[in-house]
Protein chains: 2
Amino acid sequence: MSQGNTGVTAQVVNAHACPVREVLDRVSGKWSVQILVAAAQGPIRFTELERSIEGISRRMLTLTLRNLERDGLVTRTVHPTVPPKVEYELTPVAEELHKTLQQLTDWAERNRVYVAEARAAYDERRETD
Amino acid sequence: MSQGNTGVTAQVVNAHACPVREVLDRVSGKWSVQILVAAAQGPIRFTELERSIEGISRRMLTLTLRNLERDGLVTRTVHPTVPPKVEYELTPVAEELHKTLQQLTDWAERNRVYVAEARAAYDERRETD
DNA sequence: CTGCATCCCCAGCGATACTG
DNA sequence: CAGTATCGCTGGGGATGCAG
């Protein structure tokens, strides 16, 4: 058994259409999560999003919002006024998602220092070779 | 107030070094999460990972493992045998992360159908214009 | 078995300008 | 105010081959 049978320690965890990949596809992209976070506090206008999320371009804001809307994660409400007013809001499903995203950011905050130090230590080792 | 003051509905949620971005940087990349999931069940060898994660290339497996190691999320243990045997294992910090990732995949499973239908409906509307 | 080096491609994103 | 259209780049990642 020293090298013949590798064992079945890890089953195939990603059959196709793996839920892991599904989430990632939904959450991937540079801006999706930040938009979800920004919109989580209630209906928010296009320009408010643009200002809330530092560094985002109009183009990416539009594109990402469209994708989120397509996936049923945000609703888009047009108020036919002048000037135009469009509000985006999380759907209930997205609110749930937001809660778990919150857990992720909590993890990040708790372990930010740990990761930074691990990284520094790793790089240190590489240099002193 | 109809258009003068936009209010402060959404504060700037992403100061620089935003935790949101930090997690994403750690979890982004096509394979990081799947590796974390696969390694969560215990120490796992390089080749086992390669077989567990369908579609991953040797190159990306190596690169992603290095990054995870650098961030202190996996440990790399070399057994100086012949043939070589290297085992990867989650660190405690990564185990915590894995728990929250589990929540994400749970969300994905619960709402997979919802998203698929939302998407289909959206595309339907686009076509029938 | 485990891993690095090289080449190459393309999707994601930024910049910019134009519209209802 | 809230978009859309076009262009061009960058780097993430796939394919392949070599090495300890």
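By convention in this document, chain letters (A, B, ...) are assigned in the order of the sequence lines, proteins followed by strands, and residues within each chain are numbered from 1. Being a predicted model, the structure only gives us computed values, none of them experimental.
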Novice: Rounding to a whole Å, what distance do you find between Glu50(A):CD and dG3(D):P?
Specialist: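 Whole-Å distance recorded here is 10 Å.
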
Novice: Rounded to whole Å, how long is the line connecting atom CG of Asn67(B) with atom C1' of dC4(C)?
Specialist: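 After rounding, the gap between these two atoms is 15 Å.
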
Novice: Taking salt bridge (charged side-chain N to carboxylate O under 4.0 Å, His left out) as the test, write out the residues that go with Glu117(B), two or more places apart.
Specialist: none

Novice: Tell me whether the side-chain N/O atoms of Tyr88(B) come closer than 4.0 Å to OP1 or OP2 in dG3(C).
Specialist: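 Result: yes.
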
Novice: Would you list the pairs meeting side-chain hydrogen bond (donor to acceptor under 3.5 Å, both in side chains) in which at least one residue belongs to residues 71-80 of chain A, sequence neighbours left out?
Specialist: Arg26(A)-Asp71(A), Asp71(A)-Arg119(B), Arg76(A)-Tyr88(A)

Novice: Cluster question for you: counting only ILVMFWY and a side-chain heavy-atom cut-off of under 4.5 Å, with indirect links fine, are Tyr122(A) and Leu97(B) together?
Specialist: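 Cluster IDs for Tyr122(A) and Leu97(B) differ.
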
Novice: Could you pull out all residues at least two apart from Ser28(A) that satisfy side chain to side chain contact (heavy atoms under 4.5 Å, CB included)?
Specialist: none

Novice: Using a 4.0 Å cut-off on heavy atoms, which residues in residues 72-81 of chain B reach DNA chain D? List them by number, or say none.
Specialist: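 Output list: empty, so none.
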
Novice: Mind checking if Thr62(A) touches a base, just sugar-phosphate, or nothing, with heavy atoms under 4.0 Å?
Specialist: base

Novice: Measure the distance from CD on Glu87(A) to C1' on dG3(D) and round it to the nearest whole Å.
Specialist: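 Atom-to-atom, Glu87(A) to dG3(D), this comes out as 16 Å.
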
Novice: Apply side chain to side chain contact (heavy atoms under 4.5 Å, CB included) to Thr64(A) and list each qualifying residue two or more places apart in sequence or on a separate chain.
Specialist: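 Partners of Thr64(A) under the side chain to side chain contact (heavy atoms under 4.5 Å, CB included) test: Trp31(A), Ser32(A), Ile35(A), Met60(A), Leu68(A).
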
Novice: Leu61(B) has an atom CG; how far is it from atom P of dG13(D), in whole Å?
Specialist: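 For the pair Leu61(B) CG and dG13(D) P, the rounded distance is 13 Å.
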
Novice: Got a sec, which residues hit side chain to side chain contact (heavy atoms under 4.5 Å, CB included) with Ala40(B), two or more places apart in sequence or on another chain?
Specialist: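 With sequence neighbours excluded, Ala40(B) shows a side chain to side chain contact (heavy atoms under 4.5 Å, CB included) to Leu90(B), His98(B), given in chain and number order.
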
Novice: Once you round it to whole Å, what is the distance between P of dA2(D) and CZ of Arg66(A)?
Specialist: 12 Å

Novice: Which salt bridge (charged side-chain N to carboxylate O under 4.0 Å, His left out) pairs, counting each pair once, include a residue from residues 90-107 of chain A, with sequence neighbours left out?
Specialist: Glu96(A)-Arg110(B)

Novice: Please identify each residue that fulfils salt bridge (charged side-chain N to carboxylate O under 4.0 Å, His left out) with Glu89(A), with sequence neighbours left out.
Specialist: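 If we apply the salt bridge (charged side-chain N to carboxylate O under 4.0 Å, His left out) test to Glu89(A), skipping adjacent residues, there are no hits.
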
Novice: In this structure, how many angstroms lie between the P atom of dC1(C) and the CG atom of Leu49(B), rounded?
Specialist: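 My rounded result for the distance is 14 Å.
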
Novice: With the sugar-phosphate defined as primed atoms, P, OP1 and OP2, and the base as all remaining atoms, what B/S/- string results for nucleotides 12-20 of chain C, 5' to 3', for protein heavy atoms under 4.0 Å?
Specialist: -BBB----B

Novice: Rounded to the Å, how far apart are Glu54(B) CD and dG14(D) P?
Specialist: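 Answer to the nearest Å: 13 Å.
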
Novice: Using whole Å, report how far NZ of Lys85(A) lies from P of dG3(D).
Specialist: 14 Å

Novice: For a 4.5 angstrom cut-off between non-hydrogen side-chain atoms, does Gln34(A) reach Val37(A)?
Specialist: no

